[in-house]
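We use all heavy atoms of the structure for the numbers below, so side chains are in, but hydrogens, waters and symmetry mates are not. Within every chain, numbering begins at 1; the chains are lettered A, B, ... in the order of the sequence lines, protein sequences first and strands thereafter.
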Amino acid sequence: MAAIGLVLGGILGWAAIKLRVQDDPLVEKIDAILPQTQCGQCGFAGCKPYAEAIAKGEADINLCPPGGAEGVKNLAELLGVDAKPLGEGVEPKPKSVAVIDENTCIGCTLCIQACPVDAIVGAAKQLHVIVAAQCTGCELCLPPCPVDCIGMQVIKEDVVTWKWRYPIHMMKRAA
Amino acid sequence: MSRKLYTFNGGVHPDGHKAMSNGTPIRAMTLLPRYIVPLRQHIGTPARPLVAAGDTVLRGQTIGAADGYVSTAVHAPTSGRVVAVEPRAVPHPSGMFDLAVVIESDGADRAIEFQPLDWRNLDPSALRNRVRDMGLAGLGGAVFPSYIKLNPGGQKIHTLILNGAECEPWITCDDRLMRERAPELVRGIEIMRHALGSETVLIGIEDNKPEAIAALRAAAPAGMEVIAVPTRYPGGGGKQLTYSLTGVETPAGGRSTDVGIQVFNVGTAYSLYRAVELGEPMISRVATITGHVAQPGNFEVRVGTPLSDLVAAAGGALAGASGELIGGPMMGFDLRDSDAPVTKAVNCLIVKNPRLFPAKPIELPCIRCGACAQACPADLQPFEMYWYSRAKDFGRAQSYNLFDCIECGCCSYVCPSHIPLVDYFRFSKSEIWEREREKRSADQARVRHEFKVFRLEREKQDKAEKFAKAAEKSRESAASNAVTPADPDAEKKKAILQAALDRAQKTKETVTPKNTENLTSGVQKEIDAIEARRAKVEEKTESHE
Amino acid sequence: MIGSPYTLGGNSTSTIMLKVMLALVPGILAHAWYFGPGIWISLLVCSVFALGFEAFMLLMRGRPLKHALSDNSALLTAWLLALSLPTLAPWWLYAIGMLFAIVVAKQFYGGLGQNLFNPAMIGYAALIVSFPVNMTQWAAPVDLADHALTLLDAFDVVFAGQGSISPDAYTSATVLDTWKTQARLNTPVASILSQPMFGWAGGRGMETVAAMYLLGGLYLFWSRLITWHIPLAFLVGVAASAGLLHLIDPTQHAGPLLHLFSGGVMLGAFFIATDPVTAASTPRGKLIYAGLAGILTAIIRAFGGYPDGVAFAVLLMNICVPFIDTYTQPRVFGHGAGPKKAGKA
Amino acid sequence: MENYLLILIGTVFVNNIVMSKILGLCPFMGVSRKLEAAIGMGAATTFVLTLASGASYLVDTYLLGQDLSYLRTLSFIVVIAGIVGFTEMFIKKTSPVLFRVLGIYLPLITTNCAVLGIPLLNVQEQHNFLESLFYGLGGALGFSLVLMLFAAMRERLEAADVPKPFRGVSIAMITAGLMSLAFMGFAGLIR
């Protein structure tokens with residue numbers, strides 16, 4: 001017995017050195033699924049830290065409201081676990097962008113510092129403008145604003161972004 | 001003919017109903033009091049409006065300029081006054097509104113001066129710019145800006161195919177056009193051949209249009225071959241027609257130009273002739289009005305004509321009409337609002353009645369009978385795509401090559417369980433597109449976030465270095481000065497912030513509604529201007545999305 | 001909101017089912033002609049239980065009854081099972097078979113179109129595993145039976161047990177059974193085949209029924225409800241492997257003709273293996289699926305413990321269907337082949 | 001040669017380790033949600049099981065013999081654990097995603113009753129070295145086969161309109177049962 005143990009131990013030790021894993025590409029794969037709002041609603045500092053936490057098994061997969069049920073499903077599929085509903089108190093909101101009220105903005109630059117993706121342009125004492133195309137709707141700029149001049153605006157559908165709806169399932173409707 | 005024809009798989013034979021509208025010549029329409037010209041009539045970026053409410057315009061005057069590469073111009077259909085540039089109902093399956101120029105005609109129908117072009121002695125790129133400014137877009141239904149398609153790029157376009165198959169039931173506008181205007185059409189083809197430098201020109205027409213085939217054969221010069229293809233829907237699909245005529249499959253996800261072939265609709269060739277040889281911009285097209293109307297037929301319709309007026313021109317809808325269809329019954333869509341105008345994409349309007357278009361039967365479960373797979377011209381397995389689309393498993397739906405689906409409707413047509421398969425595919429496709437948009441913006445956000453983190457890190461380092469230097473200095477001075485004063489800079493900043501806060505509080509109060517009752521007209525104007533500016537910013541953000 | 005296309009052509013699911021049932025009728029008539037009226041009772045009992053179980057499950061699931069019942073799929077399953085089971089078996093046998101077919105194999109999976117296994121064959125397999133004795137007592141051909149049963153007699157037998165008549169009087173083993181037992185006893189082939197139950201090809205009477213199924217199957221093919229792939233591959237699979245075994249050892253293995261025209265082969269080839277829900281759906285997949293099912297049928301018949309292998313072969317291949325489909329997807333237009341040099345075509 | 005072929009066919013189809021011996025159900029239910037994972041798991045198990053049968057035979061015959069046979073189960077487990085440990089590292093290196101997808105089931109191959117069961121059955125049936133190898137290989141192939149087929153079925157089932165109470169593992173168990181029923185068709189085929 002001891003001999004078997006020793007031999008196997010030797011082989012395993014050798015293999016451990018030979019087959020060491022350098023980098024964990026799993027984090028990248030998880031990060032690719034996350035919506036990159038960098039909103040921190042998951043309790044981590046951003047999407048990447050959350051991805052690292054998931055990869056290490058320290059965080060659950062259902063903490064990301066912007067990713068929604070779809071995101072949870074994709075994570076579940078990647079990790080081979082059961083999808084579950086979003087956690088308590090985390091509900092997805094409609095996609096929105098932040099808009100600065102030109103009348104009240106005092107140009108304090110606090111929101112510029114808060115924006116995780118540098119989507120707000122402006123200088124001290126100058127009116128700030130949010131670049132809508134780059135805004136992720138994370139709402140991180142709302143609390144720092146001393147004059148509450150930033151509001152969230154739901155993105156409306158137009159002819160280009162309009163989506164075909166799910167065909168009504170006749171059997172179920174009749175039920 | 002000696003040319004060997006190839007047979008694509010699948011396809012169906014729906015009732016043609018073509019005799020209803022192809023017996024009478026193309027009619028002209030009387031001048032209408034009002035035209036609505038949408039600025040987005042083509043695939044790509046909408047045209048940039050050049051006029052505002054109150055401007056007067058002439059027929060053929062450019063009212064919207066091409067904006068960006070994939071875009072083309074829009075022109076006034078008649079002379080008159082612009083009454084509004086605002087969102088209006090457009091022929092779109094969503095029934096949504098889109099920006100349009102509303103023109104009230106003055107009845108004179110005065111035109112700008114049309115300048116014919118000596119295209120034979122013209123540089124192809126100048127010719128293409130002309131085509132773009134003339135507002136040409138493919139009239140087969142996809143309305144892709146024609147000037148781009150006339151650019152061979154780096155590729156050799158050895159074969160030019162003219163699509164006159166018109167495989168959709170009911171529609172006869174290309175049929176009538178080919179019968180009546182074959183010589184002009186052929187001149188348009190010559191221009192295309194000139195721009196592309198193609199050696200072979202093939203004109204494919206389904207064999208249920210013998211008159212059109214005869215007319216074109218009579219008009220076609222040597223080197224243009226008119227080929228009758230068997231009537232089988234969707235034989236007029238670009239990929240299907242290309243395969244029928246040449247045996248070449250357009251690569252998935254690619255264009256026919258990748259294999260040296262360019263396909264144009266015959267209507268586009270005719271419009272090209274008018275744009276280049278007559279100098280007349282694309283302000284009209286031939287459209288079919290058929291179905292449950294008094295006098296079905298084809299009309300030369302000005303772009304911008306409200307569809308309700310088109311129905312009226314055809315003698316009006318008969319009693320018992322139950323709605324209208326834009327396009328053919330296989331790939332068209334329900335018209336939500338008959339105020340919507342004819343655009344460059346509208347080739348047919350069908351007035352429905354319950355006998356011609358009975359209500360759809362109830363959807364039953366899929367039994368995987370494979371009828372859809374046998375009917376699919378793209379050799380797909382629609383029932384598998386349906387199985388996963390229904391469960392909203394888009395990844396798997398896509399793995400069955402969902403994006404090779406051309407939405408021809410053959411699968412839905414044959415399905416014994418009456419499953420609206422194409423609707424499921426359209427649903428899945430738009431969901432996937434949405435996800436791709438989101439993915440793109442997420443990738444962008446990631447890059448920007450990473451850069452920000454990197455920048456902050458760098459700033460911190462810089463600061464730390466500075467601080468270290470400062471600390472060294474202060475240690476030197478500490479000998480003389482025991483107590484370090486609080487950072488005067490920070491104090492100052494705080495004070496400034498507080499002052500600004502107070503100011504803002506005040507201004508906020510002034511713009512709250514309680515003060516709006518007794519505003520001077522000047523202030524009111526200012527507020528209006530700001531509101532307008534804001535609205536514009538919002539609009540921009542929307543169009544950016 | 002449902003968009004284009006706005007016109008529809010072609011069949012409807014319930015007429016497809018009806019046509020398949022229609023194609024079974026010649027076989028049923030032949031069955032009644034050769035084996036007496038028992039078949040009417042088993043058809044009736046199976047149909048009643050099938051509709052009953054289907055309705056019960058739909059009610060439990062809160063689904064509308066009307067459409068699901070009128071698609072005729074439960075009836076078709078009932079007929080297929082009834083034709084696979086011995087006639088004149090006790091009524092509860094049919095009931096249990098339908099329970100497995102409709103409730104377990106079909107409705108547990110979500111009803112029509114969702115099931116992975118052929119419902120009728122699940123019913124059959126469950127019965128032959130559980131009640132092997134009842135499942136081998138087949139009605140004897142009328143002209144061979146000691147006692148020809150009237151419809152009333154048959155009714156009596158099914159619902160009240162055999163009553164005054166001993167089952168031996170009207171049942172017999174099938175030719176496959178007989179062949180197997182006799183061949184293992186090394187009875188000479190000629191003397192096995194000279195028994196009165198053997199006809200020109202398969203079992204007396206049964207061979208004609210099988211021929212009628214063939215006829216019905218050809219009708220299905222002609223009306224384009226099935227493609228040639230599955231029946232042909234299945235029959236070739238059976239015939240080729242049976243023929244090979246027969247060549248190797250003619251004293252132990254019957255010839256391909258006997259195999260084709262006995263047991264459930266014809267019914268299986270045209271009506272059971274072709275059930276679109278549970279069969280492979282790609283052309284290549286169909287060939288693999290049905291060919292292997294045919295080979296398995298012959299192997300189980302030759303070496304296995306059960307008299308007929310069709311049901312198990314079909315079920316085993318049902319297991320493989322999703323796998324086969326995944327790996328036999330046909331080439332999609334514009335994929336792979338690589339652009340042929342255009343213009344030279 | 002015929003003998004080995006019979007062992008192979010017998011273990012893959014007739015006495016399928018999952019379907020008729022009902023061994024190794026834990027990974028059978030656990031790693032059959034995705035076809036790719038199932039193929040990976042099948043390959044890993046095949047590798048482990050074949051090696052384990054051979055190694056166990058050697059250990060049993062040359063190290064333990066008759067006298068130490070009470071150590072059999074124990075030493076087999078040690079051998080298997082060693083091989084699994086090696087496989088685990090190998091997969092982690094070559095395919096981290098598969099490693100993650102297999103999750104706990106990879107180290108659990110150690111306690112996969114099929115993996116221990118087959119070496120023990122080998123001893124019980126008094127197979128020689130080659131026979132043991134083939135028995136292990138056949139058992140593993142049979143396991144992989146049904147695992148893959150089952151995974152493909154479950155992928156399709158996932159989109160099916162299964163009644164609420166039966167969704168998920170429940171319908172998977174029913175399916176496994178019906179598969180087992182189908183595999184009874186092989187009964188009596190070989191021995």
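- With a 4.5 angstrom heavy-atom cutoff, B:Glu384 touches chain C only via side-chain atoms.
- Both the backbone and the side chain of C:Leu112 come within less than 4.5 Å of a heavy atom of chain B.
- For C:Thr278, no part lies under 4.5 angstrom from a heavy atom of chain B.
- The parts of B:Ser412 that come within reach of chain C are both its backbone and its side chain, each placing non-hydrogen atoms under 4.5 angstrom from that chain.
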With side-chain contact (heavy atoms from CB on, under 4.5 Å) as the criterion, how do B:Ser399 and C:Gln329 come out once you've worked through the C-alpha distance, each side chain's angles and the decisive distance to 0.1 Å?
CA-CA 11 Å; B:Ser399 74; C:Gln329 284 300 311; over 6 Å; no
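- How far OG1 of C:Thr13 is from CD1 of B:Ile367: 4.5 Å, rounded to the nearest 0.5 Å.
- Between C:Leu8 and B:Pro361, the closest side-chain pair of non-hydrogen atoms falls below 4.5 Å.
- Every residue two or more places apart in sequence or in another chain was checked for a ring-ring contact (aromatic ring centres under 6.0 Å, His included) with C:Trp79, and none qualifies.
- Nearest heavy atoms, B:Trp387 versus C:Gly113: CZ3-O, 3.7 Å.
- Using a 4.5 Å cut-off between heavy atoms, C:Asp325 contacts chain B through its side chain alone, with no backbone atom that close.
- A donor-acceptor pair under 3.5 Å is absent between the side-chain atoms of C:Asn11 and the main chain of B:Pro416, judged by distance alone.
- Contacts of B:Phe333 classified as ring-ring contact (aromatic ring centres under 6.0 Å, His included), with partners at least two apart in sequence or in another chain: none.
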Please step through side-chain contact (heavy atoms from CB on, under 4.5 Å) for the pair B:Asn9 and C:Phe333, ending with a clear verdict.
CA-CA 9 Å; B:Asn9 296 332; C:Phe333 187 91; over 6 Å; no
